[in-house]
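Structure record follows, encoded as C-alpha cells.
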Number of protein chains: 4
Amino acid sequence: MPSTTPTRRQAAAAQTREKVLAAARELFMASAYEDVKAADIARAAGVAHGLVFHHFGSKQGLYQEVLCQIGREVLALHCDDPEIPLGRRIRRSHAAHLAYLADHRDVALHLVLRPPAPESEEFDDVRDQGHRELCRNLGLDFERPAVRLAARLYATAADQLARDHLTSADPLDTDTVVEMLVAVLIGALRAARTADPELDVDPVIRALELP
Amino acid sequence: MPSTTPTRRQAAAAQTREKVLAAARELFMASAYEDVKAADIARAAGVAHGLVFHHFGSKQGLYQEVLCQIGREVLALHCDDPEIPLGRRIRRSHAAHLAYLADHRDVALHLVLRPPAPESEEFDDVRDQGHRELCRNLGLDFERPAVRLAARLYATAADQLARDHLTSADPLDTDTVVEMLVAVLIGALRAARTADPELDVDPVIRALELP
Amino acid sequence: MPSTTPTRRQAAAAQTREKVLAAARELFMASAYEDVKAADIARAAGVAHGLVFHHFGSKQGLYQEVLCQIGREVLALHCDDPEIPLGRRIRRSHAAHLAYLADHRDVALHLVLRPPAPESEEFDDVRDQGHRELCRNLGLDFERPAVRLAARLYATAADQLARDHLTSADPLDTDTVVEMLVAVLIGALRAARTADPELDVDPVIRALELP
Amino acid sequence: MPSTTPTRRQAAAAQTREKVLAAARELFMASAYEDVKAADIARAAGVAHGLVFHHFGSKQGLYQEVLCQIGREVLALHCDDPEIPLGRRIRRSHAAHLAYLADHRDVALHLVLRPPAPESEEFDDVRDQGHRELCRNLGLDFERPAVRLAARLYATAADQLARDHLTSADPLDTDTVVEMLVAVLIGALRAARTADPELDVDPVIRALELP
DNA sequence: TATGAATGAGCCTTCATTCAT
DNA sequence: GATGAATGAAGGCTCATTCAT
C-alpha cells in the first residue's frame with residue numbers, strides 16, 4: 001500500500017526532528033542561549049546543519065520549542081485531584097515538582113529563575129498557566145490582582161528554594177523542603193490578604209497546615 | 001604631594017571614566033548584556049570606541065563595574081540603627097529599597113531576578129552581603145544553612161514583588177507593599193524553622209509583627 | 001503506437017510540467033532571477049520541491065525554458081505578409097508587439113532591456129532572430145554589419161519606448177507610439193547609412209513614411 | 001602639532017577607503033553583483049574583511065558608492081559651453097562619452113544597459129540628470145513628457161550603439177559612431193514631435209545637422 | 001589619555017540540489 | 001512520476017579587541 005510509505009517517511013522525519021529537539025534541549029540547558037551554536041546542535045544530533053532550519057525555521061524557533069516542551073512537562077506534574085485534601089494535593093504537587101527538577105538538574109539550573117534570553121511570550125504563558133492552576137487548586141480567584149501577585153511571589157520563592165536545594169552540598173530531605181514551601185506559600189497568602197483585606201485566606205491556610 | 005592633588009589631566013580622565021560608566025549603566029539596564037555593544041556605550045558616552053577598553057579592560061569588566069556600583073548603592077540603603085525597634089527598622093529598609101527601585105526602574109526591571117549573563121562573582125558577593133546584613137538586623141546567625149536559605153528565599157520573593165509592584169498598571173501604595181514583604185519574611189522564617197527546628201524564630205516574628 | 005498515444009501518466013506528467021513552467025514564468029517575471037527560489041516555484045505550482053529539478057534539471061534550465069517560451073511568443077507576432085505594403089506591415093507588427101507587452105506587463109518590465117542574469121545564449125538567439133525578421137521585412141541584408149547595428153539600435157530604443165509607455169501614468173495612444181517607433185526606425189536607418197554609405201535606405205524610408 | 005596627526009590619520013583612512021572602493025569597482029564591473037563576494041573585495045584591496053563594512057556599511061552600500069562614482073565621472077564629460085555651436089557641442093559630448101567608455105570597457109559592458117541588480121535610486125537620479133543636461137544642451141524643456149521620452153529613448157539607443165561599437169571585432173571609427181548617434185538623436189526628436197506636435201524640433205535638428 | 005581605523009574569527013541563515021522511498 | 005527530508009557549501013554581517021598615532 002503506497003499510503004503506508006508516506007507514513008513511514010513521516011515517522012522517520014518526526015524522529016529526526018525529535019533527535020534535533022533533544023540535542024537542542026540538552027545544549028540549551030547546559031549553556032546560555034548565545035553560547036549554543038546551531039552547528040553544535042546539528043552535530044550533537046548527528047544531522048546536517050541545514051536540517052535545524054528545515055524543521056524549526058531558526059535557532060530561536062528551536063529554542064522556543066524546547067521551552068514549550070519543558071513547560072508542558074512541568075504543567076503535567078500538578079496534582080489537582082479534588083478527592084485529595086488540599087494540603088496533601090499541594091504537597092504532592094510540590095514533591096512532584098522537586099522530583100522533576102532533581103531529575104532535570106539542567107532545567108532547574110538554567111531555566112528556573114533565569115528568564116530565557118530571547119523573550120518568549122509562549123513560555124510566559126505556560127508559566128502563567130502554572131500559576132493559574134495553583135490558584136485553582138487553592139480555590140482562589142486568579143483574576144484578583146492580590147491573588148495573582150501572591151502566586152507569582154510564591155512561585156519565585158519556590159524556584160529559588162528548589163535551586164538552592166539542588167545545588168546544596170548537603171541537601172535537605174524532600175519532605176522538609178516541601179514543608180518549607182508550604183510555609184512560604186502561607187506567608188504569600190498572608191501577604192495577599194494584606195493587599196486585599198477582603199480576601200479570605202484563613203480557610204486555605206488552615207487546610208494547608210494539615211499535612 | 002602630587003598624589004593627593006590630582007592633576008587636571010587625571011581629573012579629566014576620571015570624569016571621562018565616569019561618563020563611560022554612566023552610559024554603560026544606562027544601556028546595560030535597558031537591554032540584555034549581549035544586546036549592548038561596546039560601540040554603543042562609547043557613542044552614548046561621546047567618547048572613542050577604544051576608550052572603553054582603555055578604562056575597563058573589556059566589556060565584561062565594565063559590566064562588573066556597573067553591577068558593583070549598583071550593589072553598593074543598594075547596600076547603603078539598609079537601616080541598621082539598633083536604637084530603632086526591629087519591626088520599624090526592617091520596614092524602613094524595605095521602604096528605602098522600594099523607593100530606590102522606583103527611582104531606578106531600569107535596575108528593578110533588568111537586574112533584579114535576572115542574574116547577570118556573564119557570571120559575576122563580585123555581584124554575587126554584594127548580593128550575599130545584603131542577605132548577611134538582613135540577618136544581622138534580624139539577629140539571626142547567617143552561618144546557619146537554614147537561615148541563609150531563608151534569607152535568599154525571602155530576598156528573591158521580595159524582588160519579585162517589587163518588580164510586580166513597579167510594572168503594575170495599578171500599583172499598591174508603598175506601605176501595603178512593605179507589609180506584604182514583612183508577611184513574606186515571616187513565612188520565610190517559618191520555613192527556616194522547618195528546616196532547622198532548633199532555630200528560635202518566634203521572638204523575631206513577634207518583633208516583626210509590631211509595626 | 002504507444003509513442004503517439006501518450007498514456008494517461010505521460011499526459012499528467014506533461015500537465016505538471018506546464019504547471020511548474022507557468023508558475024516559474026510568473027515568478028521570474030515578477031522578480032529578479034536570484035530572488036526567485038526554486039522552492040517558491042514549487043510552492044506556487046503546488047508540487048513537490050524536487051519536481052522542479054526532475055523536469056528541468058536545474059533552476060537555470062527552467063529559467064531558459066521560460067525565456068524561450070516568451071521568445072517564441074514574441075516572434076510569432078511579426079507580420080510579414082508580403083501582400084501588405086511595408087509601412088503598414090511594420091506598423092502592424094509594432095502594434096502587435098505593443099499589444100503583447102500591454103497584455104504581459106511583467107514581461108515588458110522584467111525582461112525587455114534587462115538582459116537575463118544567467119547568460120542565456122538561447123535567448124540571445126531568439127532576440128537575434130527577431131532582428132533578422134525585421135530586416136527581412138525591410139528588405140535589408142542582415143549580414144551587413146551596419147544593418148545589424150541599426151536593427152539592434154532600433155530594437156533597444158523600441159523596447160525602452162514600450163517600457164516608458166507602459167509605466168507612464170498618462171500613456172499615449174497606441175497609434176502615436178507606433179508612429180514614434182517608425183520615426184526612431186528611420187533615424188536608425190539613417191545612422192546605418194552613415195556607417196555604410198553604400199547602403200540604400202532611401203526607398204525603405206520613403207516606404208515607411210507612407211502609413 | 002597634534003592637530004596635524006588626526007589629519008594624517010584621516011588621510012590614511014581615506015586612502016584605505018579608496019583602495020576598497022577601487023577594488024570593488026573593478027570587481028563589480030567584472031562580474032554580476034551576486035558573484036562578487038565581500039571577501040573578494042577585501043582580499044583584492046588587501047584589507048580585512050570587516051573593513052568593508054566599517055567604511056561602507058554593507059555590500060550594497062559599497063556598490064551604490066561605486067555606481068555614484070561612475071555616474072559622477074560620466075556627468076562630468078558633458079560639454080555645455082554655450083559658445084560652441086550646438087552640433088559641435090553634442091558631437092564633442094558624444095565623442096567624450098565614447099572615449100570614456102573605450103577607456104572603461106568594464107563599465108560599458110556591465111553597467112550600460114544593465115540596470116544594477118539592487119535597485120539604486122541614486123543611480124537613477126544620476127542617469128536622469130544626464131538626460132536633463134542633454135535637453136538643456138538642446139534647448140528643449142525637459143519637463144515636457146515627450147522631451148523626456150525622447151531623451152530616454154535616445155540615451156538607451158546610444159548606450160546600445162556604444163556597446164556594439166566596443167565589442168565589435170571590426171569597430172567603426174569614432175567620428176562615424178558620433179554621426180550615427182546624431183542621426184539617432186534626430187530620429188528621437190522627430191518621434192518626440194509625433195507625440196507632442198507643438199514641439200518645435202526643427203531648429204534643433206537643423207543645428208544638429210551642421211557638424 | 002584618547003582616537004577610531006583595522007582586524008578576523010565566528011555565526012546564522014539561505015538555497016540549489018540530491019536521493020531514498 | 002512525485003515527494004520532501006536531508007545535505008552542505010557558502011556568504012553577509014557583527015563585534016570585541018588591538019594598536020599605531
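In this text the structure is predicted, and so the values were computed from the model without any measurement. Below, chain A is the first sequence line, B the second, and so on; all start at residue 1.
Among F/dT3, E/dC15, E/dC12, the nucleotide with an atom closest to any side-chain atom of C/L51 is F/dT3. Listed nucleotides F/dT17, F/dC13, E/dT18 differ in distance to C/F53; the shortest reach to its side chain belongs to E/dT18. Comparing F/dG8, F/dT3, F/dA16 against the side chain of A/H49 picks out F/dG8 as the nearest. Set against E/dA16, E/dT13, F/dG8, the side chain of A/A48 has F/dG8 as its closest nucleotide. Here F/dA5 is the nucleotide among F/dA16, E/dA5, F/dA5 with the atom lying nearest to any side-chain atom of A/A13. Residue C/K59 has its side chain nearest to E/dA16 when only E/dT21, E/dA16, E/dA5 are considered.
Aromatic ring orientation, B/F28 versus B/Y63: perpendicular (interplanar angle above 60°, classes split at 30° and 60°).
OP1 or OP2 of F/dA5 lies within a sub-4.0 Å distance of a side-chain N or O belonging to A/H54. Contact annotation: C/T16 side-chain N/O to F/dG1 OP1/OP2 distance is not under 4.0 Å.
Rounded to whole Å, atom C1' of F/dC13 lies 20 Å from atom OH of D/Y63. Across the protein-nucleic acid pair, D/K37 atom NZ and E/dG8 atom C1' stand 20 Å apart, rounded to whole Å. The nearest whole Å value for the distance from the CD1 atom in A/I41 to the C1' atom in F/dT7 is 18 Å. Distance C/E34 CD to F/dG11 C1': 15 Å, rounded to the nearest Å.
For the pair C/E73/C/Q69, a side-chain contact is recorded, criterion being any heavy-atom separation below 4.5 Å from C-beta on. Counting heavy atoms from C-beta on, the side chains of A/F56 and A/Q64 never come closer than 4.5 Å. Side-chain atoms of B/H55 and B/L62, non-hydrogen and from C-beta on, never get closer than 4.5 Å to each other. Side-chain atoms of B/M29 and B/V66, non-hydrogen and from C-beta on, do get closer than 4.5 Å to each other.
Each of A/G57 and B/A12 has a nearest nucleotide on DNA chain E; the 5'-most of these lies closest to B/A12. Nearer the 5' end of DNA chain F, as judged by each residue's closest nucleotide, is the contact made by A/G50, out of A/G50 and D/A38.
Pairing of F/dT21, defined by two Watson-Crick or G-U wobble distances under 3.5 Å, is identified with E/dA2.
Residue-level contact check: D/V36 touches the backbone only, with heavy atoms under 4.0 Å from sugar-phosphate atoms and none from bases. Counting non-hydrogen atoms under 4.0 angstrom, B/V47 reaches the backbone sugars and phosphates but no base.
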